[in-house]
Amino acid sequence: MVIQRSTLEFLIIALVLGTILAATLWLGHGAGVLVLIAWGVAGFIYLKRKSPRTKGHDDSTD
């Protein structure tokens, strides 16, 4: 079974927001903020690691 890209993006967004909501409800406001910061850092690292690979791939096709 193949998951379409839009569905995968929706599931990732739902996971992030659900994690933040759960941490905020069960552990308090401070935990929700920490989870939000952690997801932001993880997303930044992911995008930072992904960008050079994409650029290198584009340069090799020219």
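- Sorted by first then second residue, the side-chain hydrogen bond (donor to acceptor under 3.5 Å, both in side chains) pairs that include residues 20-33, not counting sequence neighbours, number zero.
- Residues passing the side chain to side chain contact (heavy atoms under 4.5 Å, CB included) test with S6 are Q4, sequence neighbours excluded.
- Within the structure, no pair that satisfies the salt bridge (Lys or Arg N to Asp or Glu O under 4.0 Å) test touches residues 12-39, not counting sequence neighbours.
- Cluster partners of I45, using a side-chain heavy-atom cutoff of under 4.5 Å among ILVMFWY residues and allowing indirect links, are V33, I37, V41.
- Between A31 and A23, the shortest heavy-atom contact is CB-O, 3.9 Å.
- Under the salt bridge (Lys or Arg N to Asp or Glu O under 4.0 Å) criterion, the residue pairs touching residues 9-31 are R5-E9, with sequence neighbours excluded.
- Applying the salt bridge (Lys or Arg N to Asp or Glu O under 4.0 Å) test to pairs two or more places apart or on separate chains, none has a residue in residues 19-45.
- Other members of a hydrophobic cluster containing L34 are absent, since no ILVMFWY side chain comes under 4.5 Å of it, directly or through relayed contacts.
- For the side chain to side chain contact (heavy atoms under 4.5 Å, CB included) test, residues two or more places apart in sequence or in another chain that qualify with I13 are L17.
- Every residue meeting the side chain to side chain contact (heavy atoms under 4.5 Å, CB included) condition with L15, not counting sequence neighbours, appears here in chain and number order: T19, W39.
- The hydrophobic cluster containing L21, built from Ile/Leu/Val/Met/Phe/Trp/Tyr side-chain heavy atoms closer than 4.5 Å, also comprises L25.
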